S.K.: 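Before we start, here is the structure in question, set down as structure tokens.
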Amino acid sequence: MPDKADLESAKRRMLDRHLSGRGIRSPSVLAAMAKVPRQRFLPEALLDEAYADRALPIECEQTISQPYIVGLMTQALKLTGEESVLEIGTGSGYQTAVLAELAGQVVTIERHAPLSAGAGQLFAELGYENVTLIVGDGTLGHADRAPYDRIIVTATAERYPAALYEQLRTGGILVMPIGRQDKQVLQTVRKTSSGPTTTNLSGCRFVPLIGEQGWPE
Ligand code: SAH
């Protein structure tokens, strides 16, 4: 079982090698990822791998995203501390915590109630008070709190859900993996007054986005 010092040095390695070393340059993103204890978001049996640069299994047959991908997606959101962010796919809550460090308010939607409950418990323990947890189908977004300055989806669909684009403020940014099971690309979509502008960031591999505007169950 790794002790506190082991975890701190593993975290340092993650920051230097897998984040800074691979192009995550935003000082605020690196500082947020230095602060959030990833080990708290994992099953205890995986503590040894808390800062390895790979996705790991969590409850309900889902995964906690790879640190590099969390860094890349968060950096692409260009957060300055004030934004209202909608996240689809709470999962372990790790990505949510990184967002909570960098944004004003975070609304996060998860379809599996036990995952949402587990993440909520951790946010209370770690003192994140700017997060609202919702259980439901995130492909429909959450119109009550729209428009959002930023939207992040941590599960894959063949196209971004129309409801999410609608709930994005003009000038806002949506980041999401697009594709099929074995061929996915991380995309940034900026909403402009003349329509969406799309940029490809990197190949990736996420679990499917399941819902009305995603894949069938
Ligand atoms: N950001 C998370 C990644 C979790 S994996 C983390 O780092 O831990 C993606 C999550 O999206 C899974 O928990 C899955 O249950 C959830 N998901 C899939 N389709 C969804 C939908 N339509 N609405 C909400 N959550 C969804």
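Counting starts at 1 for both ligands and their atoms, in listed order. No experiment lies behind these values; they were computed from the predicted model shown. All residue numbers refer to positions in the sequence shown, counting from 1. What's counted below: heavy atoms across the whole structure, side chains too, no hydrogens, waters or symmetry copies.
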S.K.: Would you call the rings of F41 and F123 parallel, tilted or perpendicular, taking 30° and 60° as the class edges?
M.R.: tilted
S.K.: For atom 7 (O) of ligand 1, grab the closest protein heavy atom and report residue, atom and distance to one decimal in Å.
M.R.: S65 N, 3.1 Å
S.K.: May I ask whether T96 has any heavy atom positioned less than 4.0 angstrom from an atom of ligand 1?
M.R.: no
S.K.: With a heavy-atom distance limit of 4.0 Å, tell me whether P208 approaches ligand 1 through its side chain, its backbone, both, or neither.
M.R.: backbone
S.K.: Against heavy atoms of I64, which atoms of ligand 1 measure under 4.0 Å?
M.R.: 6 (C), 7 (O), 8 (O)
S.K.: Keeping the roles fixed (side chain from Q75, backbone from S26), state whether a donor-acceptor pair exists under 3.5 Å.
M.R.: yes
S.K.: Might you point out which heavy atoms bring G171 and R190 nearest each other, and give the distance in Å?
M.R.: O-NH1, 2.9 Å
S.K.: Could you tell me whether ligand 1 has any atom less than 4.0 Å away from a heavy atom of G136?
M.R.: yes
S.K.: Is there a donor-acceptor pair under 3.5 Å between the side chain of D149 and the backbone N or O of G172?
M.R.: no
S.K.: Name the closest protein heavy atom to atom 13 (O) of ligand 1, giving the residue it belongs to and the distance to 0.1 Å.
M.R.: E110 OE1, 2.7 Å
S.K.: Evaluate I210 for polar contact with ligand 1, using N/O atom pairs at a separation under 3.5 Å.
M.R.: yes
S.K.: Considering heavy atoms of the protein only, find what lies nearest to atom 9 (C) of ligand 1 and give residue, atom and distance to 0.1 Å.
M.R.: T154 O, 3.3 Å
S.K.: Would D53 and M14 count as a side-chain contact (heavy atoms from CB on, under 4.5 Å) here? Give the steps.
M.R.: CA-CA 7 Å; D53 194 38; M14 170 190 88; 5.6 Å; no
S.K.: Can a salt bridge be assigned to the pair R111 and E217 using a cut-off of 4.0 Å between side-chain N and carboxylate O?
M.R.: yes
S.K.: What residue and atom, counting heavy atoms only, is the protein's closest point to atom 4 (C) of ligand 1, and at what distance?
M.R.: T63 O, 3.0 Å
S.K.: Within this structure, what is the OG1-CZ distance for the pair T63 and R54, rounded to the nearest 0.5 Å?
M.R.: 11.0 Å
S.K.: Rounded to the nearest 0.5 Å, what separation is found between the CG atom of L19 and the NZ atom of K11?
M.R.: 11.5 Å
S.K.: Quick one: nearest non-hydrogen protein atom to atom 20 (C) of ligand 1, plus distance?
M.R.: R111 CD, 3.4 Å
S.K.: Take T139 and E212, measure what side-chain hydrogen bond (donor to acceptor under 3.5 Å, both in side chains) needs, and give me the verdict at the end.
M.R.: CA-CA 6 Å; T139 66; E212 221 170 279; over 6 Å; no
S.K.: Purely on distance, is any nitrogen or oxygen of A155 under 3.5 Å from one on ligand 1?
M.R.: no
S.K.: Counting heavy atoms only, which part of H112 comes closer than 4.0 Å to ligand 1: side chain, backbone, both or neither?
M.R.: side chain
S.K.: Apply salt bridge (charged side-chain N to carboxylate O under 4.0 Å, His left out) to R150 and E87, showing your working.
M.R.: CA-CA 9 Å; R150 303 287 187 264; E87 179 191 41; over 6 Å; no
S.K.: Side chain, backbone, both or neither: which part of L115 comes within less than 4.0 Å of ligand 1 when only heavy atoms are counted?
M.R.: side chain
S.K.: Considering only the protein, which heavy-atom contact is closest to atom 11 (O) of ligand 1, and what is its distance?
M.R.: G89 CA, 3.2 Å
S.K.: For atom 8 (O) of ligand 1, what is the closest protein heavy atom, and at what distance to 0.1 Å?
M.R.: S92 OG, 2.6 Å
S.K.: Among all protein heavy atoms, pick out the one at the shortest distance from atom 12 (C) of ligand 1; state its residue, atom name and that distance to 0.1 Å.
M.R.: Q62 OE1, 3.2 Å
